[in-house]
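What follows is a set of notes on a single structure, which appears directly below.
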Protein chains: 2
Amino acid sequence: MIPRVKRIASSDPCCLPPPRGRPLRAPARRRLVAALKALADPTRLEIFRAVALRPEPVCVCEITARFRVSQPTISYHLKVLRRAGLVTVSRRGVWAYYAPGPGGLASLRALLDEAPKEASGPAP
Amino acid sequence: MIPRVKRIASSDPCCLPPPRGRPLRAPARRRLVAALKALADPTRLEIFRAVALRPEPVCVCEITARFRVSQPTISYHLKVLRRAGLVTVSRRGVWAYYAPGPGGLASLRALLDEAPKEASGPAP
DNA sequence: CGAGGGGATAGAGGAATGTCTATATTTTGC
DNA sequence: GCAAAATATAGACATTCCTCTATCCCCTCG
């Protein structure tokens with residue numbers, strides 16, 4: 001906590017510079033956390049990459065064929081990605097096709113853009 | 001909206017184009033998932049931003065003052081961020097200072113760079 | 001219509017996660 | 001040396017998450 005009693009090192013306060021980063025607003029934070037959470041699973045990350053790295057929508061049957069988890073598990077992961085706005089689904093007859101979605105990655109880019117490119121200067 | 005989906009006749013295979021995205025290697029995927037998981041929590045995300053948006057290292061006492069969770073919880077979150085390589089710690093006397101770390105964000109940038117730009121645009 | 005198949009949903013179980021209180025560790029002032 | 005203060009660690013506990021099997025829904029074809 002900010003030292004209110006100068007008990008230790010009175011000439012050496014722990015934190016001089018005032019806070020600079022402001023917290024995100026609740027909706028923006030929710031969206032960003034949802035996108036991060038959706039990608040923070042090995043299987044889901046690979047599913048997302050399989051969808052995002054393709055110009056054409058990807059058939060679910062292809063995804064289920066490429067991973068070792070069961071078909072309902074794939075379906076569950078696709079739902080998570082869908083609710084995060086990272087992918088969208090369209091149906092063609094019996095099959096379902098997934099394509100990159102509109103949401104999520106933009107806020108991720110914003111997060112990276114506000115952070116410095118590399119570790120900043122050393123401690124004084 | 002979705003560009004040229006293949007005509008799917010009933011007896012046609014569901015997916016004609018061959019897979020193009022190859023999975024990440026295990027170490028790269030592990031690092032990336034660790035960074036994503038570390039940021040995929042509202043409290044931790046704000047802690048990271050508080051650290052990353054500052055040129056100078058941030059004192060833990062300031063972080064604990066700014067959040068509503070208990071001090072051990074802050075300490076736990078800082079440990080998660082540390083293990084993901086997102087922040088580093090340096091001690092000065094009794095106090096601990098956190099600064100942006102070398103790892104994690106780079107792989108995140110790589111993930112975004114390999115994804116097509118239109119996949120990340122916000123809904124207009 | 002009925003059969004068959006792709007995909008989504010339901011429910012269950014075990015592992016991982018986030019939070020707390022209590023305690024340990026380390027450093028400084030007296 | 002001793003007490004106090006800043007962080008870290010240790011358990012404990014509730015919640016969320018990931019996976020599975022079983023089942024349902026809907027579409028197409030014979």
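We name chains A, B, ... by the order of the sequence lines, and we start the count at 1 in each one. Only a predicted model underlies this, so the values are computations on that prediction, with no experimental measurement involved.
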Would you kindly give the CZ-to-P distance between B:R82 and D:dT7, to the nearest whole Å?
13 Å
Taking for each residue the nucleotide of DNA chain C with the nearest heavy atom, is it A:Y76 or B:G93 whose nucleotide lies nearer the 5' end?
A:Y76
Determine the minimum heavy-atom distance between B:A84 and B:A34, stating which atoms define it.
CB-O, 3.8 Å
Verify, without hydrogens or angle tests, whether A:R44 (side chain) and A:V80 (backbone) share a donor-acceptor contact under 3.5 angstrom.
no
Side-chain N,O (B:Y98) to OP1/OP2 (D:dA8) below 4.0 Å:
yes
Want to settle it: does B:P72 or A:R68 sit nearer the 5' end of DNA chain D, counting the closest nucleotide to each?
B:P72
Return the value, rounded to whole Å, for the distance between atom CG of B:L39 and atom P of C:dT17.
14 Å
Does a distance-only test, which skips hydrogens and angles, find a donor-acceptor pair under 3.5 Å between the side chain of B:Q71 and the base of D:dA6?
no
Would you mind classifying the nucleic acid contact of A:T64 as base, sugar-phosphate or nothing, using non-hydrogen atoms under 4.0 angstrom?
nothing
To the nearest angstrom, how far is B:W95 atom CH2 from C:dT28 atom C1'?
9 Å
Take atom CD1 of B:I74 and atom P of D:dA8, then tell me their distance rounded to the nearest Å.
11 Å
What's the CD-P distance between B:E62 and D:dA6, to the nearest Å?
14 Å
pair B:I63-B:V51: side-chain heavy atoms closer than 4.5 Å:
yes
Pair B:E46 + B:R66, salt bridge at N-O below 4.0 Å
no
Taking for each residue the nucleotide of DNA chain D bearing the nearest heavy atom, is the 5' side occupied by A:R44 or by B:T73?
B:T73
Contact nearer the 5' end of DNA chain C, comparing A:K79 with A:V94:
A:V94
Gap between atoms NE2 and C1', on B:H77 and C:dT19 respectively (whole Å):
8 Å
Inter-end axis angle, the helix from C:dC1-D:dG30 to C:dC30-D:dG1, with every axis fitted to five base pairs (rounded, 10 degrees):
20°
Nearest to the side chain of A:V69, which nucleotide is it out of D:dC20, D:dT7, D:dC17?
D:dC20
Could you state the atom-to-atom distance from CG of A:L78 to P of D:dT19 in whole Å?
12 Å
For the pair A:E114 and B:L53, evaluate side chain to side chain contact (heavy atoms under 4.5 Å, CB included) and give the outcome as yes or no after the intermediate values.
CA-CA 7 Å; A:E114 71 178 2; B:L53 299 184; 3.7 Å; yes
Using OP1 and OP2 only, check whether a side-chain N or O of B:S70 sits under 4.0 Å from C:dT19.
no
May I ask you to test the A:L78-A:S75 pair for a side-chain heavy-atom distance under 4.5 Å?
no
Please determine, by modelled atom types, if B:R91 and B:Y97 share a side-chain donor-acceptor pair under 3.5 angstrom.
no
Calculate the interatomic distance between B:R91 atom CZ and C:dT27 atom C1'; express it in whole Å.
11 Å
Closest non-hydrogen atoms of A:V33 and B:D41, given as atom of the first, atom of the second and distance, are CG2-C, 4.2 Å
Check this one for me: any side-chain N or O of B:K37 less than 4.0 Å away from OP1 or OP2 of C:dA16?
no
